[in-house]
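Written below as structure tokens is the structure these notes are about.
All heavy atoms count here, side chains included; hydrogens, waters and symmetry mates do not. Every chain is numbered from 1 and lettered A, B, ... according to where its sequence line falls, protein lines coming before strand lines.
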Amino acid sequence: MNNNSLKARPRQRSGVWRRQTEGEIALYDPDNGQVHFLNDTALAIWDLCDGTTTPEEMILAICELFRMHRDVVVEDVRRTLEDFDRAGLVSWDR
Amino acid sequence: MTGAKVRVLLAEEQSLFREAMRIALESQDDIEVVAEAKDGLLSVTEAERSRPDVAFLDAGLPNCDGVRAAAMIRERVPECKTIILAAEDDLKTLIDGLEAGATGFLSKDSPLAELIEAARLVHQGETIVPRRMLGGLLARLIRRKREQDHAIRRMGRLTRREREILVLLSRGADNHIIARELVISPETARTHIQKVLGKLGVHSRLEAAAFVLQNGITDELVEAGIE
């Protein structure tokens, strides 16, 4: 994740639903019928995709809360946001 | 992992609930309840006496609440990890608890199995936060960081002398004390204070003091060479 991508702000695409079933949380995209199951970290990152929060801010907050090494968190956040992007679940505000 | 058990302190005012927790925890081969307390100050005393690995502290403890008890335990028994138990999902209590040094938060309607697992995970160094609160908690941490960064930028506009004034204001010093500490006249102190208030965008000495304390920037002032 380079400096430019750390500053762009992901935003949830409108129309994507969040659903909870038997302890599992998933995102449902009505445009293509796809369902994306989320683990706890991915869910938290999804909640932060509000168009104002940068990936760098997400990384710093997760590192602070869980006292994790930055390298591990950067990889988690990068992979999760790439998954969201690839699935068309987010847009990017610059 | 060695054969040593996880040593737990339970601090909960209601004896029935405390007993239920004790029975659940002691049903596990790797957990031992070494102390109990029904109020906050007693929980701190018991933590100092028994040196537990993990302390469960009810947020609503009488005679010093669970968050304050967590802060005191962190100071006096630093090896003890604390978990705050709250009656409901309360983001403010969660954040206050984490800032006090707690490494876990559970609501009291969690299953006993989660209580048991929390003791193990916190002892292993993990932070326990209910998944449903994680997004809100991270958002709050991010907002606080933004406010701190904004405060540090505003503080960057101050001269060294003005930072000295701000430190003294945050400690409640009046004009005469400031003048004496900095070897200046009270009138000069008053002029400096007005400049500090203007640069920070606050309207009173109290607001200036709150600016320092609420934004947690005392360390930044100290690093700037002020003591």
Side-chain angles (χ1 to χ4, degrees), chain A residues 1 3 6-12 16-27 36-70 72-74 76-81 83-84 89-90 93, chain B residues 70 74 78-79 81-84 89 91-107 109-111 113-114 117-118 121-153 215-217 219:
Chain A
M1 199 176 266
N3 280 342
L6 285 173
K7 292 176 186 169
R9 297 168 177 80
R11 180 186 293 277
Q12 297 174 8
V16 174
W17 300 358
R18 177 171 146 167
R19 306 185 72 170
Q20 180 159 355
T21 326
E22 295 178 359
E24 296 250 27
I25 295 181
L27 301 179
H36 308 271
F37 288 96
L38 303 182
N39 62 24
D40 291 350
T41 305
L43 174 60
I45 293 171
W46 173 253
D47 284 343
L48 293 173
C49 291
D50 56 6
T52 69
T53 306
T54 63
E56 176 64 18
E57 288 178 313
M58 297 177 192
I59 290 163
L60 290 174
I62 294 170
C63 285
E64 179 186 347
L65 177 59
F66 292 106
R67 301 180 181 97
M68 290 170 66
H69 196 277
R70 180 184 166 88
V72 173
V73 177
V74 166
D76 276 350
V77 170
R78 180 193 65 77
R79 192 173 53 245
T80 302
L81 290 175
D83 289 345
F84 289 162
L89 297 171
V90 295
D93 294 5
Chain B
R74 178 170 73 163
E79 68 275 17
K81 308 272 189 350
T82 53
I83 299 174
I84 302 293
D89 287 352
L91 195 55
K92 184 179 184 313
T93 300
L94 167 56
I95 290 172
D96 289 345
L98 292 173
E99 287 180 348
T103 49
F105 180 97
L106 281 178
S107 70
D109 63 3
S110 302
E114 280 190 27
E117 196 56 20
L121 290 174
V122 162
H123 178 51
Q124 289 166 17
E126 294 203 21
T127 299
I128 304 296
V129 171
R131 70 189 314 210
R132 58 193 173 276
M133 300 180 75
L134 185 54
L137 174 59
L138 289 173
R140 187 74 70 91
L141 289 175
I142 289 168
R143 191 160 59 243
R144 187 184 67 178
K145 177 79 169 49
R146 287 175 184 167
E147 288 167 1
Q148 280 181 337
D149 289 346
H150 183 59
I152 289 171
R153 276 196 300 276
N215 287 296
I217 52 177
D219 287 347

Counting heavy-atom pairs under 4.5 angstrom with chain A, the leader among Gly125(B), Gly135(B), Gly136(B) is Gly135(B)
Between CG of Leu138(B) and CE of Met58(A), what distance do you get to the nearest 0.5 Å?
-> 9.5 Å
Atom group of Arg146(B) that falls short of 4.5 Å from chain A, counting heavy atoms = side chain
Which pair of heavy atoms, one from Ala61(A) and one from Leu141(B), lies closest together, and at what distance?
-> O-CD1, 4.0 Å
Can you list every salt bridge (charged side-chain N to carboxylate O under 4.0 Å, His left out) pair that touches residues 41-54 of chain A, not counting sequence neighbours?
-> Arg18(A)-Asp47(A)
For Glu24(A), enumerate each residue passing the side-chain contact (heavy atoms from CB on, under 4.5 Å) test, keeping only those at least two apart in sequence or located in another chain.
-> Phe37(A)
Closest heavy-atom contact between Leu65(A) and Thr127(B)?
-> O-OG1, 3.4 Å
Contacting region of Arg144(B) [heavy-atom separation from chain A under 4.5 Å] = side chain
Atom pair CE/CD of Met68(A) and Glu126(B) - distance to nearest 0.5 Å = 9.0 Å
Pair count under 4.5 Å, heavy atoms only, with chain B: among Ile45(A), Leu60(A), Thr53(A), highest is Thr53(A)
Separation between CZ (Phe66(A)) and OG1 (Thr103(B)), nearest 0.5 Å, reads 11.5 Å
Point-to-point distance, once rounded to the nearest 0.5 Å, from CG of Leu48(A) to CD1 of Ile142(B) = 4.5 Å
